[in-house]
Amino acid sequence: MNTAYNIKANCRRGIAICGMCMFVILSSCGKGKHFDTIAANVEALENLIDLSDHRIDADEYLRFDKPSVTLGDIPFGETRTVKVRAENTGDNPLAILDVATSCGCTKAKWSAEPIRANEYTEIEVSFTADTEGVFFKKIAVTHSASPRPVSFTIEGAVTPHKR
């Protein structure tokens, strides 16, 4: 009888713990709001790279042909796209694992194909002008040859919409 009682007590504790965990998980989701993956990427990268710092983060494996790109004046509401060439300067193939931007107004596209030594790929970055004024955005690139991301920047100015 003692063993049966212990099994029942342990099952009740397990169910109670699972229930509490589900409550915490569901209540922490913001009452129906979806988890913001951009914010999660930014938070994780800020532990490795300061996205507000104007310095470029580099390593010996991946180099950008344009470490800093000036987009010039962009009218409010318009999108400007630029391609930055990323060259594998190491001795072994590498792959771009992730490209993170500091906000939702900046999007990046890249190939998941491995880049052979001394070859390159292009990263396409699109910036949508949604706030007037000068902007600076750091794009952090995580690749398979190093645990620390490298980065390049885009900058410019958003001008008032012409009527």
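Since we're looking at a predicted model, the values are computed, not measured.
Taking the side-chain hydrogen bond (donor to acceptor under 3.5 Å, both in side chains) definition, one finds that Ser126 meets it with Thr81, sequence neighbours left out. Ser111 meets the side-chain hydrogen bond (donor to acceptor under 3.5 Å, both in side chains) test with no other residue; sequence neighbours excluded. Contacts of Phe135 classified as ring pair (Phe, Tyr, Trp, His ring centres under 6.0 Å), with partners at least two apart in sequence or in another chain: Phe127. By the side-chain hydrogen bond (donor to acceptor under 3.5 Å, both in side chains) test, Asp130 pairs with no residue at all, sequence neighbours left out. Listed by chain and residue number, Glu119 satisfy the salt bridge (Lys or Arg N to Asp or Glu O under 4.0 Å) test with Arg116 (two or more places apart in sequence, or in another chain). Applying the side-chain hydrogen bond (donor to acceptor under 3.5 Å, both in side chains) criterion to Thr128, with sequence neighbours excluded, gives Thr79.
Shortest non-hydrogen contact noted between Ala140 and Pro149 is CB-CB, 4.3 Å. Minimum interatomic distance between Ala58 and Arg63 (heavy atoms only, all atoms of both residues): CB-NH1, 4.0 Å.
Taking hydrophobic clusters as Ile, Leu, Val, Met, Phe, Trp and Tyr residues chained together by side-chain heavy-atom distances below 4.5 Å, Val82 shares a cluster with Ile74. Linking ILVMFWY residues whenever their side-chain heavy atoms come closer than 4.5 Å, directly or via other members, places Ile115 and Trp110 in the same cluster. Cluster annotation: Phe152 and Tyr120 are assigned to distinct hydrophobic clusters (Ile/Leu/Val/Met/Phe/Trp/Tyr, side-chain heavy-atom contacts under 4.5 Å, transitive).
Proximity of Phe76 to Pro160: side-chain heavy atoms (C-beta onward) are nowhere separated by under 4.5 Å. Counting only heavy atoms from C-beta outward, the side chains of Val158 and Thr131 never approach each other to under 4.5 Å. Side-chain atoms of Thr106 and Val125, non-hydrogen and from C-beta on, do get closer than 4.5 Å to each other. Here the side chains of Leu94 and Asn92 are not in contact, with every heavy-atom distance at 4.5 Å or above.
We find the CD-OG1 distance between Glu113 and Thr121 to be 9.0 Å, quoted to the nearest 0.5 Å.
Side chain of Thr159 to backbone of Asp73: no donor-acceptor contact under 3.5 angstrom is found. Side-chain atoms of Thr101 come within 3.5 Å of backbone N or O of Cys103 as a donor-acceptor pair. Using a distance-only test at 3.5 Å, with no hydrogens or angles considered, no donor-acceptor pair links the side chain of Asp98 to the main chain of Thr142. No donor-acceptor pair under 3.5 Å is formed between the side chain of Arg85 and the backbone N or O of Lys66. When atom types are taken as modelled, the side chain of Ser102 and the backbone of Lys137 share no donor-acceptor pair closer than 3.5 angstrom.
No hydrogens or angles considered: a donor-acceptor pair under 3.5 Å links the side chains of His143 and Asp59.
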